[in-house]
Amino acid sequence: MADLRVQVGRTSLKNPVIAAPGEHLIEAAGIRSAILAGAGAVVGKSINESLAAKSQLRRAEYAALGPDWSQVPWGPAAPVGTTVLSRSGLPSVDFDAWLAQAVAMDAFARTHDCLFVPSIILAAEEPALDMALRIEAAGLRVLEFNIGTPYASEAAKGAVSTVLSPERVGTLTRMMTEALGIPVWIKITGQSERVPDLAAAAFAAGAESVVMAGRALGMLPDLETQAPVLSTSGGIGGFWNLPLTCHWLANSRAVLGAGRQLIGINGATSGHDVARMMLAGASAVGMASEVMLRGWDVLSRAVADLDTYCDTKSMAARDLIGRAADARKRFADMPELDERWRDHVPAPLASA
Ligand SMILES: Cc1cc2nc3c(=O)[nH]c(=O)nc-3n(C[C@H](O)[C@H](O)[C@H](O)COP(=O)(O)O)c2cc1C
């Protein structure tokens with residue numbers, strides 16, 4: 001067994017695999033399943049006060065898209081490299097019931113050396129702060145505050161938020177960190193050229209970790225109906241997003257230094273992907289759509305495969321953090337290799 005324990009701010013996790021929120025983590029049985037599967041932390045499905053966000057969950061649809069972009073059946077038999085397109089929303093449960101479940105999930109998580117993380121998605125500031133204070137008062141150990149969902153431009157006005165300015169990230173983070181004693185993790189958008197600036201603003205305002213980065217919006221035309229799959233644009237992400245997440249992690253580490261703990265998200269589908277995001281600078285890594293698509297053993301296999309990888313390299317998981325990021329060179333640092341491009345073009349047609 002390799003030493004998989006990692007530190008995120010004040011919080012120690014038994015391993016860096018985080019079950020990230022989605023519909024599979026709405027109900028207690030789903031959350032308990034993720035805990036039993038061995039995740040180091042489980043972030044429950046988010047909540048906010050917006051009726052429009054709740055209505056949106058009742059309008060939600062999900063498509064599993066195979067590597068050639070055709071729709072494939074949902075479930076563990078979906079081909080490797082399946083992409084999830086979705087139009088999600090937030091649960092209709094009232095806040096008291098949601099909080100009571102969160103408290104029970106925290107107690108269950110503690111018996112498995114797991115961290116249960118409640119999550120709020122920003123709609124309006126005052127209700128978000130009020131919910132956060134009640135979360136802390138109920139004894140929960142960490143708050144995740146998502147201010148970067150992909151849906152703000154497509155959803156009903158005020159349902160969710162995609163915060164794009166570092167100043168606003170700072171203001172919203174400070175609103176939470178000045179009022180709370182528990183660690184605050186800020187989940188930011190990836191739909192920005194300024195991901196490292198958004199992360200820097202969150203840390204400067206007292207965040208203990210930044211989760212980077214939320215999914216993008218996409219639209220896929222269906223060749224048969226010639227209309228968009230699911231009829232709308234939607235949140236999109238998949239294995240192909242992993243290098244983009246790693247680039248943001250490495251850039252953020254370059255700006256912030258090694259002392260800030262980042263959480264990688266968007267594109268991890270296996271324990272090897274967890275290792276890749278850690279090498280890019282993540283202290284822990286979230287996995288959502290792959291688990292929602294294929295089931296809980298995605299999490300147990302991720303922990304086992306990370307363990308094997310660390311064993312093979314004779315390293316503790318924490319020693320992976322940032323190694324690739326710190327080895328990254330600039331283009332101009334690379335040697336000239338003459339006409340290497342010739343090995344990467346097709347042979348000309350005989351008649352050319
Ligand atoms: C159907 C669905 C529902 C989601 N719901 C939430 C949510 O309630 N709160 C949240 O912070 N992120 C939510 N997410 C985003 C995921 O937690 C995660 O950030 C994103 O899917 C990228 O990670 P992945 O590549 O592992 O799926 C949701 C994602 C999907 C696909």
Side-chain angles (χ1 to χ4, degrees), residues 16-27 30-31 34 39 41-48 50 53-54 56-57 59-65 74 78 81-93 98 102 117-123 128 142-152 155 159-163 185-191 195 209-218 230 234-246 248-249 263-271 273-274 276-277 282 284-294 298-299 302:
V17 177
I18 298 180
E23 275 66 321
H24 54 305
L25 299 175
I26 292 179
E27 296 190 331
I31 296 170
V42 177
V43 185
K45 175 75 184 172
S46 311
I47 195 162
N48 71 16
S50 160
K54 297 181 199 308
Q56 199 178 287
L57 184 62
R59 296 166 208 264
E61 290 184 279
Y62 312 85
L65 305 167
W74 191 273
T82 291
T83 290
V84 170
L85 174 73
S86 61
R87 208 175 53 236
S88 182
L90 297 182
S92 285
V93 59
W98 179 89
V117 181
S119 164
I120 297 173
I121 284 185
L122 174 67
V142 171
L143 172 72
E144 186 164 298
F145 188 28
N146 183 344
I147 57 174
T149 75
Y151 300 122
V160 292
S161 308
T162 312
V163 177
W185 298 354
I186 301 288
K187 189 169 182 178
I188 59 173
T189 181
Q191 295 182 285
V195 171
S209 185
V210 171
V211 186
M212 59 174 57
R215 301 200 308 162
L217 277 173
L230 305 183
I236 192 125
F239 74 96
W240 44 267
N241 204 82
L242 179 128
L244 282 68
T245 300
C246 288
W248 286 133
L249 287 165
I263 295 175
I265 201 151
N266 202 354
T269 61
S270 68
D273 288 349
V274 171
R276 290 183 176 103
M277 285 197 192
V285 175
M287 298 174 79
S289 42
E290 191 75 359
V291 181
M292 189 167 150
L293 175 68
R294 297 184 199 279
V298 169
L299 293 167

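Atoms within a ligand are numbered from 1 in the order they appear, just like the ligands themselves. The analysis underlying the following values was restricted to heavy atoms, covering all of them including side chains, and did not include hydrogens, waters or symmetry mates.
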Checklist entry - Taking atom types as modelled, is there a side-chain donor on Y62 or E23 under 3.5 Å from an acceptor on the other? => result yes

Next on the checklist: How far is atom 24 (P) of ligand 1 from the closest protein heavy atom, and which atom is that?
Outcome noted: S289 OG, 3.5 Å

Next on the checklist: Suppose we measure from atom 14 (N) of ligand 1 to each protein heavy atom; which comes out shortest, and what is that distance?
Outcome noted: P21 O, 3.2 Å

Item to check | Contact partition for I121 relative to ligand 1, non-hydrogen atoms under 4.0 Å | outcome: side chain

Checklist entry - Of E23, M292, K187, which has the heavy atom at the shortest distance from atom 15 (C) of ligand 1? => result K187

Checklist entry - Under a heavy-atom criterion of less than 4.0 Å, does F239 contact ligand 1? => result no

Next on the checklist: Within the 4.0 Å heavy-atom shell around A288, which atoms of ligand 1 are there?
Outcome noted: 16 (C), 17 (O), 18 (C), 21 (O), 24 (P), 26 (O), 27 (O)

Next on the checklist: Looking at I265, is its backbone amide N or carbonyl O close enough to the side chain of T245 to form a donor-acceptor pair, meaning the two atoms are under 3.5 Å apart?
Outcome noted: yes

Checklist outcome for this item: protein heavy-atom neighbour closest to atom 30 (C) of ligand 1 works out as R215 NH2, 4.1 Å

Checklist entry - For ligand 1, is any non-hydrogen atom under 4.0 Å from N146's backbone (N, CA, C, O), its side chain (CB onward), both, or neither? => result side chain

Checklist entry - Between CD1 of I188 and OG1 of T149, what distance do you get to the nearest 0.5 Å? => result 13.0 Å

Next on the checklist: Checking contacts here: is it the side chain or the backbone of S86 that comes within 4.0 Å of ligand 1, counting heavy atoms only? Could be both or neither.
Outcome noted: side chain

Item to check | Those residues that, when tested against R215, pass salt bridge (charged side-chain N to carboxylate O under 4.0 Å, His left out) (two or more places apart) | outcome: none

Next on the checklist: Is any side-chain heavy atom of P118 closer than 4.5 Å to one of W98?
Outcome noted: yes

Checklist entry - Just which atoms of ligand 1 are under 4.0 Å from any heavy atom in Y62? => result 1 (C)

Checklist outcome for this item: Counting from 1 in the order shown, the ligand 1 atoms closer than 4.0 Å to a non-hydrogen atom of G22 are 3 (C), 4 (C), 5 (N)

Next on the checklist: Within the 4.0 Å heavy-atom shell around M287, which atoms of ligand 1 are there?
Outcome noted: 26 (O)

Item to check | Contact check, side chains of P21 and K187, non-hydrogen atoms, under 4.5 Å | outcome: yes

Checklist entry - Would you say S86 and Y151 make side-chain contact, with heavy atoms under 4.5 Å? => result yes

Item to check | G267, any N or O under 3.5 Å of ligand 1 N or O | outcome: yes

Checklist entry - In Å and rounded to the nearest 0.5 Å, what is the CG to CG distance from N241 to N266? => result 3.5 Å

Checklist entry - Got a second to check how far R87's CZ is from E61's CD, nearest 0.5 Å? => result 4.5 Å

Checklist entry - In Å and rounded to the nearest 0.5 Å, what is the CG to OG1 distance from L293 to T83? => result 10.0 Å

Item to check | Element-labelled atoms of ligand 1 that are located less than 4.0 Å from some non-hydrogen atom of S88 | outcome: 3 (C)

Checklist outcome for this item: Ranked by distance from atom 7 (C) of ligand 1, the top protein heavy atom is S46 OG, 3.4 Å

Next on the checklist: Using a 3.5 Å cut-off on N or O atoms only, is K45 in polar contact with ligand 1?
Outcome noted: yes

